[in-house]
Each structure stands twice: as structure tokens, then as C-alpha cells.
K.L.:
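Before anything else, here's the structure in question.
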Amino acid sequence: MRDPKQSAKTQCEIVPSLICSDLCNLERELKQFEELGLTSLHVDILDGHFSPSMPIGLEVVRQVSKITSLAFDVHLMVKEHEFFINEILDIGVKRLCFHVESAFHVDRLLSKIRAAGVEAGVALQPGTPLSVLDYVVERCDFVLLMLINPGYAGHGDEGQVPYALRKVKECRDFLDRAGFDIPIEVDGRVSLEGIPGLVAAGANILVAGSQSFFRKGAERGQNLAAMQQMIALGQRVNGLLRSFDDSPMVMTSRERVEAALAHEQPDRPPIDLRFAPELETALALAVKVNEKDLASWSGQDLVTVRPIFREPASDIRYADPTMEITKDGLFLDIYGVPFRRVETELQSYMELAGKPPLANCDSIAELDDYPWPSADMWDYSNIEPALAALEAENGPAAWGHSRGVFEIAHFLRGMDNFMMDLALRPDFACALMDHILEYLLAKAELILQAGEGRFAFFEYNDDVASQRAMLISAEMWRELVKPRMGRMCDLIHSYGSKVKYHSCGSVYAIIPDLIDMGVDILNPVQPLAANMDPFALKAEFGDQLCLHGGIDIQELLPNASPDEVRKHVRRAIKELGKDGGYIIAGSHTLQADIPVENIIALVEEAKSWGQ
């Protein structure tokens, strides 16, 4: 947990070094570490070329991994990075860093490590300037600073470099200026006496060796307690230094979103509001801004970055591009699904209409012959420049998007037909969903590749519920839909991105399954749907899921007074946003039946929190 006035930079982790352990009684040693409450073990891998020693080999590390629950914090001091990184990832680690001095493809190696779901970092020798971080820090989850020359820890006359504190402080200042609140790990002669200065300078992962945790003349528990006292002293000094700036901490949108997703306390919850076009126009007039500036006015912290459709398409659409408008005024999307435009007094919307294109399909062979859309229909070249522009301007955090197999399948077949397929012809239903999934996975992978691990999250959008319950039984969903959604989750996680799942309605019955698949964010948290009260969900699942939404658009926003809206928003931020894990948003796109006064109340309350 992170207090908004005490950044995560001031939190410290003690990581004992494997090489300093009693290697002859290693299993007993590691058991004691676990009993003392330590969670990580620092492992140095040297190849005898980059560094002059080889104290521990890969096979030793592999065997050690079998006798401890400690997470491995691995520091590579090698020349052949591809080989060692592949071996270490195969063993399984929490953090992995390598030296920029010996790595040729630094950016690619960092991306490779992060794609494996491992925290990636670069290590710097004492004399390496911090400027080498300029173009790689955005891929780093931490930075390791060597305070002695690599490989010389066993030399009694090799002391910590005299500029150690200055380098740690300058590294922290560099990261602050660049807007990256990531840990600094320090390694080399980290002594009890030196810990307060290192912590005050900005270090917060301490590799503990012979001069601290393994200090002779005292038991491990006594040394750990002494280290914790020294850390507390350093944090007090750090706090005093920070207190000279009495302005509140203000995060960038990216920092705010990442803190919320990591279940850390941001300065305020991220805001993600979507407006129906008619409401957008009325709101822009009311607050006297251009519609293009409405996102800035509303404090928008998130924006979707999508590929560009290559072929001509109508501006009017449901979710996918409209490829054809029939003489009857139906809008056919890339699947051939027909929609019609409905106009009301307040706004327009698109709804299913006409005969579903696969309504009369009788065989899997016919499915195989259907003209399915292709990922090649999209141009992905805009994604990297769009992300770069957002980062350069400290703009909103970016997210990617995919639709889902269940919804598209019943659009193609018609709801009645598809429900009968699931019950009576599951092989046919699964073949239909697999055709859809093949396209969705191919498109999503190209988006993720173009994004290079820079999306804050990636959404999988698949409505499977009504206001009262699931559209199909939870058991049927688990058997037929979950495995296909699981493939999308695995793909998204393989690119180092978090998974946002969108389904309207009551999905309470499958929330444990979503968590099991690795879903990180649940949207839209529809408060009036059965068992979807956001405050109850926070209590039950808040440590495992980030809730995204929860501000009711059915009753609260259209019918409450501005004061009632403010009161509800304050409660949502205070309770749902406690310890992070919440993105404030409507329970769907905000519609034109909502008075602009209530939107203004929502935005002002959300933006001003913590000020």
C-alpha cells in the first residue's frame, strides 16, 4: 500500500544474498529466512568473463528453487544474455536484471523478460553514467546500482565506491524527473551503518550480505531487526527531506493508473468517463470547452489506442466497422451482422435488426466456408506513434481492445439459435466461437506487438449476463466459453499487459473463474445488477481485482440531485479506492438522460479528491 504523500520509493525490501548463505546447510538457512518473514532471495549469476568469478552455477540455482518458497531476485553479470535469460526464466524468478555494459540489445531483452511476466531491470557498474537509462527506463521495473565493482565482493580490500550515496540520490532524481516511480536496488557492501544514508538517498531494495544480514557475532533475526531499525531511520530522514515540499504529490495519468492497478494508493482514483455523443455536445456547451477538450476538463486518465481500418467504412456503426448499408437502411458490419439506427428524443443508438447472417447455417463445413474477417483488414502502424505521443506529453494512459466470442456468436446466429446450439450442438457452437476467436487473437496479437508492452491494460469485451443473472449457466460458461477467453487472457499477459474484462450485468457467479484466468480489472460493475454491489465486491474481491466503473447510470446519475451524486462519489472514492484497486467510471457509457449538473458534480468531486 502506498500513501499518496509517501511514494512507493520510501518502502524498503531486504533481500539476502544467496552467495553469503551457509551453502553447506542451505535448506536450513532458507527455511530460517522464510520463518523470519523474508520473501525474496538475491541470486548472482556470473560467467567468469564479464566478471572474474563464478560462485554459483545455473544448476545450483535450479536445485535451490525446489527447496524454497522464496522468490528469486536474479542479477546477471554475463556476456551471453539470451542463453542465461532463457535459462533463468525457465527456472522461474520474480525479478531479473542484466548489465547494460555487456548487453547489445537492451530494449529487446527487457521486453523479453517483461513478456514472461517477470519484473525486468538493468544493472549499472559503479562508473557507468546514469544517462544510459535515457531510452530504456520506460521498460524497467527497477534499476540495480552496483556500489562495488561486480565480482569483487569476496575481496576484503574492495570497498564501496566513495560516490555511492551521490549516485543513488542522482538516480532517484533522474527517475523522478522522468516520471518513473520504480525501485532502486543497491548491491555491494550494504552495511548496517550505511543503510540510513542509502534509504534516505532513495534506495529501497537492499541486497543484504556479510556486513548486514550475515554479519558475524549476531543471529540472523538480530541482524534483520537491526537492518529494519536502520531502514526506519533512513525513511525518517527521507520524510523530513520530502516535507520541505509541502505541495501535494500529483501523479501523471500513467502513474495514477499503474498505482491503482498495483493496488497501491494513488493521489486520486483514475478517471475513465465515456459520454454518448449527444451528452458530450451538451456538456461541452455547459462547461464552455470545445468537445475535443472535454477529456482534459473531465480529468480523463485513459484513452483507447486502436489500429486503423484499411477499407472505406461508414462513420455510423455498432462496434465493428460498417462495410455496407443496404437499401433497407441496415448497417452490415465486418461479420455481415445487420444493425439499424434508432433515433429517440434524447439520442440515437444502434440495435440488432434483420436476419442474422448465420441463422440458417446447418454445419461446421458451412462455418468453415463463411467469409470471416482477417487481421490484415487493419493497419497497425499508427499504434506506436500514438503511444509515443501520449508518453511525450504525459497524456492519458493507453489501453487496447478486443471484442469477445460469445457476443459475436449470438449476433451471427441469433440469440435463440445460439442458445440452442450451446445446449444441443456444443461442437457446432464451439466451432463458431473458434472461428471468431482465431480472428480476434490474430488482431489482438498485432495490436500488442505494435504496443511493445506499453498498454496499461488490454480489454476483452464479451457480454455474458443480464441484469438478473448469467445468460447461460455458470457451468456451461465454464465448459464452453471460459477456455476460449482464457486463450485471450494468456496472450495479453504474454505481452506484459493486464487484462480488463467487460461484461454488463450480473457476472458474480463467474468472478472466481475470472480471477483464476488472471483477469486484473472488472468492468463495468453495474450496481443495480444482481449481486454486483461494488462495495460488497470490494470487500470480497478487492485484493484480487481492480474494479472499474460502479457509478450507476440507471438511477443515480439520471435522477439524483448533484449533492447526492457528490455524496455517492465521495463514498466510492473513499471505500472502493482504499489501497488502490479502483478506476472511477460509469456503469456504462454515460447517456443523454443524465443532467449535465450531475456530470459536473461527478467530475469535480473525482478530480478534487486529495487536494
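Every heavy atom of this structure was used, including side-chain atoms; hydrogens, water molecules and symmetry mates were not.
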K.L.:
Assess whether atom CD of Glu35 is packed by more than 12 heavy atoms of other residues, nucleotides or ligands within 6.0 Å.
P.N.:
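It does: Glu35 CD has more than 12 such atoms within range.
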K.L.:
Taking the side chain as everything from C-beta on, heavy atoms only, tell me whether Leu206 gets closer than 4.5 Å to Ile195.
P.N.:
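Side-chain contact under 4.5 Å: yes.
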K.L.:
Using 4.0 Å as the upper bound for N to carboxylate O, is an ion pair formed by Glu575 and Lys578?
P.N.:
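Judged by the 4.0 Å cut-off on N to carboxylate O distance, Lys578 and Glu575 do not form a salt bridge.
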K.L.:
Is the side chain of Gln211 donor-acceptor paired with the backbone N or O of Val190 at a distance under 3.5 Å, no angle test?
P.N.:
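No; zero donor-acceptor contacts below 3.5 Å.
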K.L.:
Does the side chain of Cys489 reach to within under 4.5 Å of the side chain of Tyr460, using non-hydrogen atoms?
P.N.:
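Not in contact.
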K.L.:
Looking only at atom types and distance, does a side-chain atom of Tyr582 sit under 3.5 Å from a main-chain N or O of Lys538, one as donor and one as acceptor?
P.N.:
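Checked: no pair found.
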K.L.:
Let me see the working for Lys31 and Glu27 under salt bridge (charged side-chain N to carboxylate O under 4.0 Å, His left out), right down to the final yes or no.
P.N.:
CA-CA 6 Å; Lys31 180 69 173 175; Glu27 188 167 4; over 6 Å; no
K.L.:
Are the charged groups of Asp173 and Lys169 less than 4.0 angstrom apart, N to O?
P.N.:
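The answer is yes: the pair qualifies as a salt bridge.
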K.L.:
Would you indicate whether the side-chain heavy atoms of Glu34 and Leu38 approach each other to under 4.5 Å?
P.N.:
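Not in contact.
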K.L.:
With Glu138, which residues qualify under salt bridge (charged side-chain N to carboxylate O under 4.0 Å, His left out), at least two apart?
P.N.:
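For Glu138 there are no salt bridge (charged side-chain N to carboxylate O under 4.0 Å, His left out) partners, ignoring immediate neighbours.
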K.L.:
Please list, chain by chain and in numerical order, all residues satisfying side chain to side chain donor-acceptor pair (under 3.5 Å) with Glu82, sequence neighbours excluded.
P.N.:
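By the side chain to side chain donor-acceptor pair (under 3.5 Å) rule, Glu82 matches Arg108.
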K.L.:
Measure the CD-CD distance between Gln32 and Glu29 for me, rounded to the nearest 0.5 Å.
P.N.:
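Answer rounded to 0.5 Å: 6.0 Å.
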K.L.:
Using 0.5 Å steps for rounding, measure from the CG atom of Leu537 to the CG atom of Leu545.
P.N.:
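One gets 8.5 Å once the value is rounded to the nearest 0.5 Å.
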K.L.:
Is there side-chain contact between Lys94 and Phe72, with at least one heavy-atom pair below 4.5 Å?
P.N.:
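They are not in side-chain contact.
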K.L.:
Rounded to the nearest 0.5 Å, what separation is found between the CG atom of Leu133 and the CZ atom of Phe174?
P.N.:
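That separation rounds to 5.0 Å.
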K.L.:
To the nearest 0.5 angstrom, please state how far the CE atom of Met146 sits from the CG atom of Asn149.
P.N.:
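Between atom CE of Met146 and atom CG of Asn149 there are 8.0 Å.
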K.L.:
Kindly say whether Leu302 contributes a backbone atom to a donor-acceptor pair with the side chain of Gln300 at under 3.5 angstrom?
P.N.:
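Confirmed, Gln300 side chain pairs with Leu302 backbone.
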K.L.:
Is there a donor-acceptor pair under 3.5 Å between the side chain of Asp73 and the backbone N or O of Ser40?
P.N.:
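Between the backbone of Ser40 and the side chain of Asp73 there is no qualifying donor-acceptor contact (under 3.5 Å).
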K.L.:
In the structure I gave you, are the side-chain heavy atoms of Cys12 and Ile205 within less than 4.5 Å of one another anywhere?
P.N.:
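The answer is no; the side chains never approach within 4.5 Å.
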K.L.:
Before giving the answer on side-chain contact (heavy atoms from CB on, under 4.5 Å), spell out for Glu258 and Leu261 the whole-Å C-alpha distance, their side-chain angles and the decisive distance to 0.1 Å.
P.N.:
CA-CA 5 Å; Glu258 288 182 345; Leu261 298 186; 5.8 Å; no
K.L.:
Go through the structure and list residues passing side chain to side chain donor-acceptor pair (under 3.5 Å) with Tyr495, not counting sequence neighbours.
P.N.:
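Glu445, Gln449.
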K.L.:
Do Val78 and Ser102 have side-chain heavy atoms sitting under 4.5 Å apart?
P.N.:
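SC-SC contact between Val78 and Ser102 ruled out.
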K.L.:
Going through the checks in order, is the salt bridge (charged side-chain N to carboxylate O under 4.0 Å, His left out) test met by Glu170 and Lys167?
P.N.:
CA-CA 5 Å; Glu170 289 175 356; Lys167 188 163 188 181; over 6 Å; no
K.L.:
Regarding Asp44 and His42, is there a side-chain donor-to-acceptor distance under 3.5 Å anywhere?
P.N.:
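A donor-acceptor contact under 3.5 Å links the two side chains.
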K.L.:
Looking at Glu219, is its backbone amide N or carbonyl O close enough to the side chain of Gln222 to form a donor-acceptor pair, meaning the two atoms are under 3.5 Å apart?
P.N.:
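Yes; at least one donor-acceptor contact below 3.5 Å.
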K.L.:
Using 4.0 Å as the upper bound for N to carboxylate O, is an ion pair formed by Lys567 and Glu605?
P.N.:
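Here Glu605 does not pair with Lys567 in a salt bridge, since their nearest N and O are not under 4.0 Å apart.
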K.L.:
For Ala474, check side chain to side chain contact (heavy atoms under 4.5 Å, CB included) against everything at least two apart and list the hits.
P.N.:
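Side chain to side chain contact (heavy atoms under 4.5 Å, CB included) check on Ala474 returns Arg478, Ala509, Ile510.
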K.L.:
In sequence, state the C-alpha distance, the side-chain angles, and the governing distance for His263 and Asp579, and then conclude on side-chain hydrogen bond (donor to acceptor under 3.5 Å, both in side chains).
P.N.:
CA-CA 6 Å; His263 296 268; Asp579 299 338; over 6 Å; no
K.L.:
Mark yes or no for whether Asp533, through its side chain, and Ala536, through its backbone, hold a donor-acceptor pair below 3.5 Å.
P.N.:
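Yes: the side chain of Asp533 pairs with the backbone of Ala536.
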K.L.:
Exactly one of His493, His548, Gln544 should register a side-chain contact (heavy atoms from CB on, under 4.5 Å) with Asp520. Which one does?
P.N.:
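Of all the options given, the one that passes is His493.
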K.L.:
Show your working on side-chain hydrogen bond (donor to acceptor under 3.5 Å, both in side chains) between Glu540 and Tyr508 and close with a plain yes or no.
P.N.:
CA-CA 11 Å; Glu540 188 170 0; Tyr508 178 80; 2.9 Å; yes
K.L.:
For Gly496, is there any backbone N or O sitting under 3.5 Å from a side-chain donor or acceptor partner on Arg114?
P.N.:
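Not confirmed, Arg114 side chain does not pair with Gly496 backbone.
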K.L.:
Begin from the C-alpha positions of Ile584 and Val569 and carry the test side-chain contact (heavy atoms from CB on, under 4.5 Å) through to its verdict.
P.N.:
CA-CA 9 Å; Ile584 190 165; Val569 172; 3.7 Å; yes
K.L.:
How about His568 and Ile551: do any of their side-chain heavy atoms sit closer than 4.5 Å?
P.N.:
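In short, these two side chains touch, coming nearer than 4.5 Å.
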K.L.:
Could you check whether His81 and His105 have their ring centres less than 6.0 Å apart?
P.N.:
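No: the rings miss the under 6.0 Å criterion.
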K.L.:
Show me the side-chain donor-acceptor pairs of residues 117-131 shorter than 3.5 Å, one per line, residues at least two apart or across chains.
P.N.:
unit_1, atom_1, unit_2, atom_2, d
Thr128, OG1, Glu101, OE2, 2.4

K.L.:
Can Ile14 and Gln228 be said to form a side-chain contact (heavy atoms from CB on, under 4.5 Å), step by step?
P.N.:
CA-CA 8 Å; Ile14 296 170; Gln228 290 167 337; 4.1 Å; yes
K.L.:
Starting at NZ of Lys112, measure out to CG of Leu89 and round the result to the nearest 0.5 Å.
P.N.:
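These two atoms lie 7.0 Å from each other.
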K.L.:
Kindly indicate, with the supporting measurements, whether the criterion side-chain contact (heavy atoms from CB on, under 4.5 Å) is fulfilled by Phe458 and Val499.
P.N.:
CA-CA 5 Å; Phe458 199 92; Val499 175; over 6 Å; no
K.L.:
Would you say Glu87 has more than 12 foreign heavy atoms packed within less than 6.0 Å of its CD?
P.N.:
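For Glu87, atom CD is crowded (more than 12 foreign heavy atoms under 6.0 Å).
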K.L.:
Indicate yes or no for a side-chain donor-acceptor contact from Asn204 to the backbone of Ile184 under 3.5 Å, with no hydrogens or angles considered.
P.N.:
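Between the backbone of Ile184 and the side chain of Asn204 there is a qualifying donor-acceptor contact (under 3.5 Å).
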K.L.:
To the closest 0.5 Å, what do you measure between SG (Cys97) and CD1 (Ile113)?
P.N.:
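Cys97 atom SG to Ile113 atom CD1 measures 8.5 Å (nearest 0.5 Å).
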K.L.:
Looking at Arg95 and Glu13, is any side-chain nitrogen of the basic one under 4.0 Å from a carboxylate oxygen of the acidic one?
P.N.:
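So Glu13 pairs with Arg95 through a salt bridge.
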K.L.:
If the condition is ring-ring contact (aromatic ring centres under 6.0 Å, His included), which residues does Phe213 pass it with, not counting sequence neighbours?
P.N.:
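Phe213 satisfies ring-ring contact (aromatic ring centres under 6.0 Å, His included) with Phe33 only.
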K.L.:
Would you say the rings of Trp399 and Phe457 are close, in the sense that their centroids are separated by under 6.0 Å?
P.N.:
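Under 6.0 Å, so yes.
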K.L.:
May I ask you to decide if Ser65's main-chain N or O and Thr68's side chain share a donor-acceptor pair within less than 3.5 Å?
P.N.:
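No: the side chain of Thr68 does not pair with the backbone of Ser65.
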K.L.:
So with a 6.0 Å cut-off around NZ of Lys482, is the heavy-atom count from everything else above 12?
P.N.:
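Counting other residues, nucleotides and ligands, NZ of Lys482 exceeds 12 neighbours.
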K.L.:
Heavy atoms, side chains only, cut-off 4.5 Å: are Leu110 and Phe98 in contact?
P.N.:
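Yes; the side chains approach each other to less than 4.5 Å.
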K.L.:
Can you give me the closest heavy-atom contact between Gly395 and Ser253, atom names plus distance?
P.N.:
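So the two residues come closest at O-CB, 3.6 Å.
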K.L.:
Please say which of Arg268, Arg254, Lys607 ends up in a salt bridge (charged side-chain N to carboxylate O under 4.0 Å, His left out) with Asp301.
P.N.:
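Filter result, single survivor: Arg268.
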K.L.:
With a 4.0 Å cut-off on N to O distance, would you call Arg256 and Asp267 a salt bridge?
P.N.:
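Looking at Asp267 together with Arg256, the answer is yes, because their closest N to O distance falls below 4.0 Å.
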